[in-house]
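Residue numbers begin at 1 in each chain, while the letters A, B, ... track the order of the sequences.
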Amino acid sequence: MNQILLITDGGSNVGVSPVVAAAQAYEEGIIVNVAGVIDDGSIGEYGASEIAEIARAGGGMSRIVSTKQLSQTVQMMTRQTVVGTIRQAVNQELRQVFGVSSVEALPPPKRAEVVRVMEDMGETTPLRVALVIDASASMKPKLLAVEEAIRDLSLSLQARTGESMAAVFHFPGEQEPCVLDTPWTSSTERFGSLFGKLRMRGTTPTGPALLRAIEYFRESYGKIMTEDVHPASLLKQDDTDGMRSGYVV
Amino acid sequence: MATSSEKQLSPGTILTGKWNGRKYKLERLLGVGANGQVYLATYGRAACAIKLGKDVSDLQAEANILASLDHREKKQPFLLDVDDAMLSGNQVPFYVMQYVPGTAVRTYLRKHGTEWFGVIGYRLLRRLSELHEAGWVFGDIKNDNILVSDYGRIALVDYGGMTASGRGIRQFTEIYDRGYWSAGSRTADPAYDWFSTAVLWIHALDEKRLLYLTRTLLPQNRDPGELLGLVKSHPSLKPLSGWFERALHGRFESTQEAAESWREAVHAASGAKSPSAPRVPGWMAGVFALSLLLCISLMAIWLFS
């Protein structure tokens with residue numbers, strides 16, 4: 001399961017539209033979530049609507065939060081996206097196998113069984129999150145909170161049973177629109193001090209940065225659409241473990 | 001997606017189970033958790049607690065955990081029913097639990113005196129030890145999730161954070177979280193609960209300084225040593241600082257050992273105080289000295305006169 005998490009504080013102003021880039025990501029099997037960080041209401045109407053649009057095009061969700069809430073929000077969005085993706089896959093399976101539209105339509109004992117499988121999948125599916133960080137001048141006072149949010153997210157990723165990787169980009173770079181700071185890693189230590197040496201610049205090439213992240217997914221994992229959630233286990237589990245559903249009154 | 005300002009249901013609302021057909025009458029809101037609201041309710045004449053959720057899967061996941069816990073512990077079941085109800089046109093999932101009366105730890109201590117914390121702490125560790133032996137980690141230990149009733153009896157409520165050992169903690173509260181304090185991972189293991197238990201007591205007895213610390217400390221400076229600093233400078237916690245040091249750093253062999261070590265430390269702390277208890281208060285010694293002085297001077301006056 002692949003996600004891009006964009007952390008920004010406002011409107012892009014250079015290069016391809018980030019909304020188009022996000023749509024492209026979604027097309028390639030990468031979900032795009034956006035956290036808009038504000039501390040003094042500086043995001044503006046334009047920035048806010050762009051943030052919402054990027055997430056909509058990228059099949060993800062967006063939140064506009066203060067630096068204090070950033071860690072929690074980043075975690076919540078990552079987790080919810082995993083849960084949501086699995087739910088979609090499971091619901092599709094339910095339609096095909098049981099002819100019901102969703103988990104809600106199952107009687108509680110059956111539901112208990114399905115949810116158990118969903119939880120297992122959520123915990124064990126391989127997960128890759130590329131964090132794309134807006135480091136334009138106005139973000140400077142917020143980068144400490146961003147670093148903290150990344151550290152916090154990596155802690156939660158590390159605790160998962162399944163393979164969990166994160167990579168960090170920031171934009172703009174000195175020459176190129178976007179720089180890879182930390183390649184795929186599953187260790188928290190690698191995210192020590194990310195942006196200590198950054199020289200802040202004015203432009204905000206959000207679109208090109210997203211394209212760079214998509215490119216990186218492609219470079220490291222080839223065609224990404226192919227491997228994904230396999231709710232096929234749902235059926236097997238159901239047949240062999242039918243007894244367990246008896247626990248729930 | 002989810003809105004935090006959920007509407008409260010009014011007392012008297014009847015929930016009718018879609019699948020099992022039981023009718024429950026809501027009495028009052030007991031609390032609001034991360035994935036739903038908990039109400040005190042009645043089924044016929046029996047009291048029970050009902051958790052109404054926003055999300056079927058989240059709620060069912062919790063119910064699953066309660067069910068497997070019931071299955072494992074073979075006591076009176078805690079989970080009584082799982083069902084859906086129609087409320088103003090929406091299907092709302094809910095589950096029904098035993099009603100546990102009691103108040104949150106901090107409130108209890110404020111009302112009945114801090115001297116209760118030794119007993120309550122021991123009981124909490126014993127309860128955690130049962131869960132840990134069954135392969136679970138409670139995860140979301142915090143003031144609101146531990147209810148204390150008469151004579152310091154405790155019950156854990158809100159099992160939303162309960163996690164199978166070895167998996168990622170499902171739900172936690174920042175200031176009780178081991179990861180937040182850079183004291184280790186978010187992987188469920190018994191030590192995760194020891195850490196939160198240590199923070200619980202600091203929170204229960206010294207909330208002001210704990211909250212001040214979390215507000216002012218920079219993220220990169222969060223460290224269990226800071227918490228230990230609070231322990232060592234608090235009169236009731238200081239005698240137990242050895243226990244806290246081990247809990248904050250995960251240095252127990254088992255939760256059983258953590259409980260025994262707590263009991264001994266509490267015992268020693270109250271034992272250490274008792275020889276000093278009959279000690280003469282300062283003012284009395286002062287008065288005695290004064291009267292002695294007076295006596296001597298009177299005698300001197302009488303002798304020399």
- Task: Sort Ala149(A) into side chain, backbone, both or neither according to what part of it lies under 4.5 angstrom from a heavy atom of chain B.
- Result: neither
- Message: Using only non-hydrogen atoms and a strict under-4.5 angstrom cutoff, which residues of residues 165-178 of chain B touch chain A?
- Response: Gly166(B), Arg167(B), Gly168(B), Ile169(B), Arg170(B), Phe172(B), Glu174(B)
- Name the region of Asp55(B), side chain, backbone, both or neither, that has any atom closer than 4.5 Å to a heavy atom of chain A. side chain
- Select one option (side chain, backbone, both, neither) describing which atoms of Glu119(A) are under 4.5 Å from chain B's heavy atoms. both
- Exam field: side chain Asp9(A) to backbone Val37(A), donor-acceptor pair closer than 3.5 Å: no
- Spell out the residues in residues 207-214 of chain B that have some non-hydrogen atom less than 4.5 Å away from a non-hydrogen atom of chain A, in order of number; otherwise answer 'none'. none
- Looking at Glu113(A) and Lys110(A), does any basic side-chain N land under 4.0 Å from a carboxylate oxygen? no
- Query: With only heavy atoms counted, which part of Arg215(B) is less than 4.5 Å from chain A, the side chain, the backbone, both or neither?
  - Reply: neither
- Query: What about Tyr24(B) and Tyr39(B), are their ring centers closer than 6.0 Å?
  - Reply: no
- Flag this pair as yes if the NZ/CZ of Arg128(A) is under 6.0 angstrom from the six-membered ring centre of Tyr221(A) and inside a 45 degree cone about the axis; otherwise no. yes
- Item | Under 4.5 Å from a heavy atom of chain B, the part of Ser156(A) involved | both
- Item | Max heavy-atom pair count under 4.5 Å with chain B, selected residue of Ser102(A), Ser71(A), Ala145(A), Ala159(A) | Ala159(A)
